[in-house]
Amino acid sequence: ANSDITATGLISGYSANGTAADITINSTNGSIQLENVSAVTDSGHGGNIEIRALNDITTGQVEASVWKQGDAGSIILDAGGNIATDKVRAVSKEGSGGTIDITAGGDFGTIPAFAGGTHLAVNTKYGGDAGSITVNAAGNINAGGIDANAPGGNGGSISLTSGGNLTGGAMTTGSLSGDGGPIYLKAAENINIAETITGTWFGNAGSITIEVGGSITITSGAVYDFFQNNCGTSASGTVACNDDGSVTLTPSDTMSLPGQGLLAGPVKITPIASSSGSSGTTTTPDSGSSDTTTTPDSGSSDTTTTPDS
């Protein structure tokens with residue numbers, strides 16, 4: 001469509017058994033406002049959902065999941081302006097999680113009706129690997145909880161990049177029997193999050209990589225515990241233990257922490273101001289590999305590496 005698109009009620013590609021129907025909604029010259037969008041199946045393969053708009057996107061729940069056996073589908077949200085959603089899920093009970101790829105020219109966040117809890121999810125319940133979640137916003141990111149957990153397979157990956165502030169709930173890419181996946185967070189300004197879990201009982205824990213222009217405030221989890229036990233000023237930055245129980249880190253140099261037991265793998269925190277040195281590159285590890293993939297930063301000659309999904 002060449003103008004705004006507004007739809008009420010459920011847009012559904014449901015299939016009881018087999019592959020759910022794909023759903024594509026595109027406004028080349030306007031905004032999109034929807035209620036719930038669903039391409040789910042009981043057993044089979046989740047459908048693919050693609051929503052694109054020149055301006056803003058506002059949606060209720062967006063779902064490409066499999067309730068029983070099979071692999072979840074993929075979800076793409078791409079807007080030149082702001083994106084606001086309720087829950088976005090591509091999960092599977094017995095299969096692999098799908099992918100969620102969100103790109104906003106403005107802010108990304110939750111709609112006012114969002115009830116809290118998990119906002120973005122590509123997790124699995126029993127067998128199969130979790131999927132990947134990627135959010136790139138030129139403005140702020142304000143997400144709830146993010147789940148790429150896979151108890152019976154490998155954890156997925158989470159990558160959030162904000163041109164402003166990044167706020168999020170608990171983030172998990174962990175596993176019981178497989179490897180944990182990586183978490184990558186980058187914000188030009190400040191980061192405020194709950195716990196980050198990339199650990200596993202029997203495999204390799206995933207890495208946590210954070211690049212920040214300002215400070216990082218954490219409210220719980222293994223990384224939080226490390227900082228809470230190291231309040232004060234060091235050569236790598238300042239850690240403030242706040243009255244509300246949170247800790248705030250303001251890095252002045254790259255800080256590398258060892259794995260945090262069963263809850264997290266190695267942690268690397270870099271101030272953005274110092275990440276554009278002579279080589280002009282920063283890297284984060286790929287999931288399940290020591291390789292890296294480098295992509296150029298928009299609007300500069302520097303390059304930033306983010307985890308492969």
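The basis for the numbers below is simple: all heavy atoms, side chains too, and nothing from hydrogens, waters or symmetry mates.
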Quick one: does any side-chain atom of Asn154 pair with a main-chain N or O of Asp179 as donor and acceptor, under 3.5 Å?
yes

Just checking, is any N or O donor in the side chain of Thr103 or Asp78 under 3.5 Å from an acceptor N or O on the other one?
no

In terms of side-chain heavy atoms, does Thr28 have a donor or acceptor partner in Asn2 at a distance below 3.5 Å?
yes

Using the side-chain hydrogen bond (donor to acceptor under 3.5 Å, both in side chains) rule, take Asn242 and Thr248 through it: C-alpha gap first, then chi angles, then the decisive distance, then the call.
CA-CA 7 Å; Asn242 304 315; Thr248 299; 2.9 Å; yes

Looking at Asp129, is its backbone amide N or carbonyl O close enough to the side chain of Thr124 to form a donor-acceptor pair, meaning the two atoms are under 3.5 Å apart?
no

Asp147 and Ile133: which non-hydrogen atoms are nearest, and at how many Å?
O-CD1, 4.1 Å

So, Asn36 side chain and Gln61 main chain: donor-acceptor pair closer than 3.5 Å or not?
yes

Distance-only, no hydrogens or angles: does the Thr41 side chain make a donor-acceptor pair with backbone N or O of Trp67 under 3.5 Å?
no

Distance-minimising heavy-atom pair for Pro251 and Pro271:
O-CB, 3.6 Å

For the residue pair Ser246 / Thr219, report whether a side-chain donor-acceptor contact shorter than 3.5 Å exists.
no

Quick one about Thr167 and Asn140 (side-chain donor to acceptor, distance below 3.5 Å, no hydrogens or angles considered), yes or no?
no

Please work out which of the three classes, parallel, tilted or perpendicular, describes the rings of Phe114 and His119, given edges at 30° and 60°.
tilted

